[in-house]
Amino acid sequence: MAEPTRPVRETRTARREREAREARHTKRSLNLGDRGAAFLDAARSHPRVLLALALVVAIVVMLYGPSRNYYVAMRAGQDLQARLEAVTAQNKLLDSDVHRLQSEEGVEDEARKRGLIKEDETSVIVEGLSDDELKALIGEIELEDTRPWYVKVLDVVFFYSEDSWQ
């Protein structure tokens, strides 16, 4: 005689896998508790994947500090180089003014700008807009941000600002 078969009890993991399959087929989503349990079951059944993921996260966390320091140093160097170029251009303009003022014509032009005249000349005063009215008419000069998109993204990722390195 054949032995009667006993009903097999379904394990918790098997039940969750069956429910997940049914949910995929019926297009209904699992609630948050079931999703968490399914994730834990998957983590228990694939410990190497979980270990590799944890290792990657740990490496990223450990390398963030040195990477940020490198990026801030690199961007600070770029900002300082841009400032140096601006100051160098300004110095060239000042040098040209010095050379111009060392000539007789340059001295005469500067004296006329300050309201001085020669003995045989007549002085005329022209009134125009005040400095405030002129600034309002011209408007504020805004510098265009010429950084590429990836530099803007990296500035956000590494919390870079011009004063972060000072």
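Below, all heavy atoms of this structure are taken into account, side chains as well, without hydrogens, waters or symmetry copies.
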Worked verdict on Tyr160 versus Asp79 for side chain to side chain contact (heavy atoms under 4.5 Å, CB included) | CA-CA 12 Å; Tyr160 177 78; Asp79 288 345; 2.4 Å; yes
At what distance, to the nearest 0.5 angstrom, does CG of Leu94 lie from NZ of Lys92?
-> 12.5 Å
Tell me, please, which residues at least two apart from Tyr71 pass ring-ring contact (aromatic ring centres under 6.0 Å, His included).
-> Phe158
Charged N to carboxylate O under 4.0 angstrom, Arg44 versus Asp41?
-> yes
Common cluster, Val153/Phe159, ILVMFWY with side-chain heavy-atom separation under 4.5 Å = yes
Going only through I, L, V, M, F, W and Y residues with side-chain contacts under 4.5 Å, is there a path from Leu116 to Leu101?
-> no
Asp155 CG to Tyr150 OH distance, which is reported to the nearest 0.5 Å = 11.5 Å
How far does CZ of Arg12 sit from CD of Glu17, to the nearest 0.5 angstrom?
-> 12.5 Å
Would you give the length of the straight line joining atom CG of Leu40 to atom CZ of Arg16, rounded to the nearest 0.5 angstrom?
-> 8.0 Å
Do Leu51 and Leu55 have side-chain heavy atoms sitting under 4.5 Å apart?
-> no
Crowded around Tyr70 OH? As in, over 12 foreign heavy atoms under 6.0 Å?
-> no
Between CZ on residue Arg147 and CG on residue Leu154, distance to nearest 0.5 Å | 10.5 Å
Hey, could you give me each pair passing side chain to side chain donor-acceptor pair (under 3.5 Å) that has a residue in residues 108-118? Not counting sequence neighbours.
-> Glu108-Lys118, Glu110-Arg114, Arg112-Glu121
For atom CD of Glu104, is the number of surrounding heavy atoms from other residues, nucleotides or ligands below 6.0 Å larger than 12?
-> no
Min side-chain heavy-atom separation Pro148-Val151 under 4.5 Å = yes
Can you list the steps and then say if Leu93 with Asp97 is a side chain to side chain contact (heavy atoms under 4.5 Å, CB included)?
-> CA-CA 6 Å; Leu93 287 175; Asp97 279 350; 5.7 Å; no
Begin with the C-alpha distance, continue with both residues' side-chain angles, and end with the deciding distance and a verdict on side chain to side chain contact (heavy atoms under 4.5 Å, CB included) for Val107 and Gln102.
-> CA-CA 7 Å; Val107 172; Gln102 288 177 347; over 6 Å; no
Shared hydrophobic cluster for Val157 and Trp149 (ILVMFWY, side-chain gaps under 4.5 Å) = yes
Have a look at Gln81 and tell me which of Glu85, Gln78, Arg83 forms a side chain to side chain contact (heavy atoms under 4.5 Å, CB included) with it.
-> Glu85
